[in-house]
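To start, the structure under review is shown below, and the notes come after it.
These numbers come from the heavy atoms of this one structure, side chains and all, not from hydrogens, waters or symmetry mates.
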There are 2 protein chains.
Amino acid sequence: MKNNLEIYADVDNCPIRNVLDRIGDKWSMLVLLVLNESDVLRFNEIHKVIGSISQKMLSTTLKNLEADGLIEREVYPVIPPKVEYRLTARAESLIPHLLSLAEWAKDNFIPIKQSRERFGS
Amino acid sequence: MKNNLEIYADVDNCPIRNVLDRIGDKWSMLVLLVLNESDVLRFNEIHKVIGSISQKMLSTTLKNLEADGLIEREVYPVIPPKVEYRLTARAESLIPHLLSLAEWAKDNFIPIKQSRERFGS
DNA sequence: CGGTATCCCCAACGATACTG
DNA sequence: CAGTATCGTTGGGGATACCG
């Protein structure tokens, strides 16, 4: 049996690396957390909530998350267009892990910043 | 009180974004998990375990982790040089969250890959 | 409204060579 | 052994304009 280190080191086929490459990008985790708090949102609603994201990056981020089966995209054939996004069950099973990581981050943010400053000297 | 969305969206001061920017880079999480399994390792030992990382990237990754207070660097003043790296208590409190994320990743890797293939069609 | 298309830039990353 | 220094590439990401 392969040990964990071999798995981690195999960048292309490593599950955690594949998942991290997705949620570790600039916007994916943020989009997931936003959708988690709001149940269902339209494209421009997500855009407004995040604010600093460009239309292009929001579009590609949503497409990537959809490709991974983490969000559902529902198109209403009306004019003007209406598109709704919501989390899938798969994403909902991921959310607790993201939130526990977020919790750790909040608890350790101040000391980490202090460490960085001390190190910079 | 600020709600979570405001915190997440404030990219510069958001704890989770700051932490993700570190562990979400190409090598940091891998290095943390490697050190977690081996207690203490020298520079070239980490290099050999990971294999595909360049000396330069290992060096900067270790420096970043040290700056965040996640690893300790101990230099022995001998010739040839000997430098040991180990996790700090702070990193050890992070490891469980990383492992639970890794667990989710392993459980969902196959279906996610299948979703990606279907989406590519 | 919900996107694409296009152009551009910079920082991350790798390869190689060198050093105390 | 444990790194720096230097150079070159590439692709992630932003700005802007346009479209069904």
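Atoms CD1 (B/Ile79) and C1' (D/dG3) sit 14 Å apart, rounded to a whole Å. B/Asp21 has its CG atom 16 Å from the P atom of D/dG12, to the nearest Å. Rounded to a whole Å, the NZ atom of B/Lys82 is 12 Å from the P atom of D/dC1. Computed from coordinates, the B/Leu41 CG to D/dA2 P distance equals 11 Å when rounded to whole Å. Spacing between atom NE2 of A/His47 and atom C1' of C/dG2 amounts to 11 Å, rounded to whole angstrom units. Between B/Glu45 atom CD and D/dC1 atom P there is a gap of 10 Å when expressed in whole angstrom units.
At a threshold of 4.5 Å between non-hydrogen side-chain atoms, the residues A/Leu58 and A/Val31 count as touching.
Residues A/Ala102 and B/Ile16 share a closest heavy-atom pair of CA-CD1, 3.6 Å. Scanning both residues, B/Val40 and B/Glu45, for their nearest heavy atoms gives O-OE1, 4.4 Å. For the pair A/Asp68 and B/Arg116, the tightest heavy-atom approach, listed with the atom from each and the gap, is OD1-NE, 2.6 Å. Closest of all the heavy-atom pairs between A/Val19 and B/Ala105 is CG2-CB, 3.5 Å. Between A/Ser100 and B/His97, the shortest heavy-atom contact is OG-ND1, 3.1 Å. Contact record, B/Ile95 with B/Leu32: CD1-O, 3.9 Å, taken as the closest heavy-atom pair.
Comparing the end axes of the helix from C/dC1-D/dG20 to C/dG20-D/dC1, each fitted to five base pairs by superposing C1' atoms of four pairs onto the next four, gives an inter-axis angle of 50° (nearest 10 degrees).
Heavy-atom distances under 4.0 Å link DNA chain C to A/Lys63, A/Arg73 of residues 62-77 of chain A, given in residue order.
The side chain to side chain donor-acceptor pair (under 3.5 Å) test applied to B/Ser59 returns no partner, not counting sequence neighbours.
Among residue pairs with one or both ends in residues 89-115 of chain B, none qualify as salt bridge (Lys or Arg N to Asp or Glu O under 4.0 Å); sequence neighbours excluded. Sorted by first then second residue, the side-chain hydrogen bond (donor to acceptor under 3.5 Å, both in side chains) pairs that include residues 69-84 of chain A, not counting sequence neighbours, are A/Arg73-A/Tyr85, A/Tyr76-A/Glu84, A/Glu84-A/Arg86.
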Open item on the list: As a quick check of understanding, evaluate side chain to side chain contact (heavy atoms under 4.5 Å, CB included) for A/His47 and A/Arg42, giving each step before the final call.
Closed with: CA-CA 9 Å; A/His47 199 185; A/Arg42 299 177 62 173; over 6 Å; no
Open item on the list: For nucleotides 13-20 of chain D, give me one character per nucleotide, 5' to 3': B if any protein heavy atom sits under 4.0 Å from the base, S if the only such contacts are to the sugar-phosphate, - if neither.
Closed with: BBB----B
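Within the structure, a side-chain polar atom (N or O) of A/Tyr85 is placed less than 4.0 Å from OP1 or OP2 of C/dG3. The side chain of B/Arg42 places an N or O atom within less than 4.0 Å of a non-bridging phosphate oxygen (OP1 or OP2) of D/dA2. Within the structure, a side-chain polar atom (N or O) of B/Ser59 is placed less than 4.0 Å from OP1 or OP2 of D/dT4.
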